[in-house]
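Working notes, beginning with the structure itself.
Here is the naming used below: chain letters follow the sequence lines, and residue numbers restart at 1 for every chain.
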Amino acid sequence: MRIATFNVNGIKARAQIVADWLRDSAPDIALLQELKSVDEAVPREVFEDAGYNLQTHGQKGFNGVAIAAKHPIEDVRRGLPGAEGAGREGADDEEARWIEATVVGDVAVRVCALYLPNGNPAPGPKYDYKLRWMERMRLRADELLSTEEAVVMGGDYNVIPQRIDVARPEVMEDDALFRPETREAFRRIENMGYFDAFRLREPGPGHYSYWDYQRGAFDRNEGLRIDHHLLSPQAADLLAGAWIETAPRAKAKPSDHTPVWIELGA
DNA sequence: ATGGTTGCGTGGCAA
């Protein structure tokens with residue numbers, strides 16, 4: 001089973017790119033972020049015409065996550081538990097950043113598509129929200145661990161885990177994606193028993209999943225590795241491969257992110 | 001050099 005995470009940066013603007021990608025690369029499961037669309041306006045035909053089921057958790061203008069899969073998408077859950085002031089206007093749970101579901105193909109997986117808050121500028125209220133969100137995610141990740149299922153949490157983490165995951169770490173020291181507290185919160189999830197799938201396969205530097213639109217960052221390979229799959233031990237047992245697919249980033253009118261893949265089982 | 005790019009949605013924000 002092959003699973004890809006892809007921040008599309010606007011599903012309406014990226015409909016043709018995503019349709020071509022589903023046809024050519026054919027993931028069994030696609031975990032998508034930054035739909036920037038309400039559920040009703042998502043171009044569902046992009047997925048249905050390619051033979052995918054689709055479950056979305058959208059929001060007007062910003063955020064938005066989805067799971068697309070060739071097999072049925074079961075036991076869907078939207079939103080992360082534990083939002084402060086849940087139900088009130090402006091509460092933490094207003095932002096559509098988390099969707100999880102079970103998919104049973106040649107292996108059975110609990111998959112989560114997540115869009116972790118960017119957090120800039122840091123310090124500040126947006127950074128405080130990011131760190132609170134990461135703690136809520138840790139608590140949910142711990143619950144999922146206790147199920148002893150194969151769990152895949154894939155998405156745009158907005159976290160640069162190590163210095164080798166950024167082209168120019170010296171200019172990122174104070175950035176919300178790279179600050180010590182951010183990396184510590186990421187490690188805290190790993191240390192409970194989750195594995196960064198890409199780093200189980202590729203120890204070296206220079207592998208990125210995002211390049212800024214500005215200053216020719218992609219052509220200079222000045223990027224960030226911020227899109228990840230964290231695997232529960234049961235999922236890590238099944239890991240057969242992990243890689244970054246750079247071709248979609250080189251197309252015309254691309255997302256600023258590119259798909260990151262894992263293969264589980266044979 | 002306080003620039004540069006993109007999406008959403010038609011303001012200016014978020015990234």
Side-chain angles (χ1 to χ4, degrees), chain A residues 5-21 31-44 46 56-66 89-98 113-134 137 154-161 165-179 181-183 185-186 208-228 246-260:
Chain A
T5 180
F6 189 8
N7 179 324
V8 298
N9 190 21
I11 189 58
K12 294 189 284 278
R14 220 64 64 206
Q16 190 59 55
I17 290 260
V18 172
D20 293 345
W21 177 68
L31 308 172
L32 306 172
Q33 303 86 35
E34 281 209 88
L35 302 181
K36 295 187 174 182
S37 172
V38 293
D39 293 331
E40 299 73 33
V42 171
R44 301 190 66 90
V46 165
T56 63
H57 182 33
Q59 176 184 341
K60 183 180 179 180
F62 307 100
N63 307 318
V65 287
E89 187 180 354
D92 279 0
D93 65 345
E94 296 296 303
E95 300 192 2
R97 296 180 176 276
W98 180 274
L114 67 102
Y115 178 47
L116 206 149
N118 177 295
N120 280 307
K126 291 192 171 186
Y127 192 60
D128 295 340
Y129 174 66
K130 177 177 195 160
L131 294 179
R132 287 202 308 276
W133 200 95
M134 292 183 82
M137 177 178 167
D156 178 357
Y157 279 70
N158 274 311
V159 174
I160 301 163
D165 296 314
V166 51
R168 299 173 61 194
E170 67 280 2
V171 303
M172 295 294 286
E173 300 289 357
D174 297 323
D175 194 281
L177 280 61
F178 194 56
R179 285 168 65 96
E181 304 98 305
T182 304
R183 298 160 64 191
F186 183 77
Y208 309 124
S209 64
Y210 162 91
W211 299 261
D212 198 291
Y213 286 125
Q214 304 179 61
R215 293 179 293 267
F218 181 66
D219 292 332
R220 297 146 62 123
N221 197 30
E222 290 194 356
L224 312 173
R225 194 177 72 88
I226 56 175
D227 299 270
H228 311 298
T246 51
R249 184 64 178 81
K251 291 191 168 193
K253 300 295 285 182
S255 170
D256 42 4
H257 295 250
T258 209
V260 178

Using side-chain hydrogen bond (donor to acceptor under 3.5 Å, both in side chains) as the criterion, list what pairs up with A:K130, not counting sequence neighbours. none

Listed by chain and number, what are the side-chain hydrogen bond (donor to acceptor under 3.5 Å, both in side chains) partners of A:N63, not counting sequence neighbours? A:Q59, A:R97

What interatomic distance, in whole Å, is found between P of B:dA14 and the corresponding atom of B:dT10? 15 Å

Could you pull out all residues at least two apart from A:R44 that satisfy salt bridge (charged side-chain N to carboxylate O under 4.0 Å, His left out)? A:E48

Reading nucleotides 7-15 of chain B from the 5' end, what letters show protein touch, with B for base, S for backbone sugar-phosphate only, - for no heavy atom under 4.0 Å? SSS----SS

Rounded to the nearest angstrom, tell me the gap between atom CZ in A:R249 and atom P in B:dT5. 13 Å

The criterion is side chain to side chain contact (heavy atoms under 4.5 Å, CB included); which residues satisfy it with A:V38, sequence neighbours excluded? A:E40, A:A41, A:K60

Taking the same atom, C1', in B:dG7 and in B:dG11, what whole-Å distance lies between them? 14 Å

With A:R183, which residues qualify under side-chain hydrogen bond (donor to acceptor under 3.5 Å, both in side chains), at least two apart? none

Ignoring hydrogens, what is the shortest heavy-atom contact between A:E181 and A:L131? Give both atom names and the distance. O-CD2, 4.1 Å

Tell me the interatomic distance from A:D219, atom CG, to B:dT5, atom P, rounded to whole angstroms. 14 Å

Rounded C1' spacing from B:dG12 to B:dA1 in Å: 23 Å

Span that lies between the C1' atom of B:dC13 and that of B:dG9, in whole angstrom: 11 Å

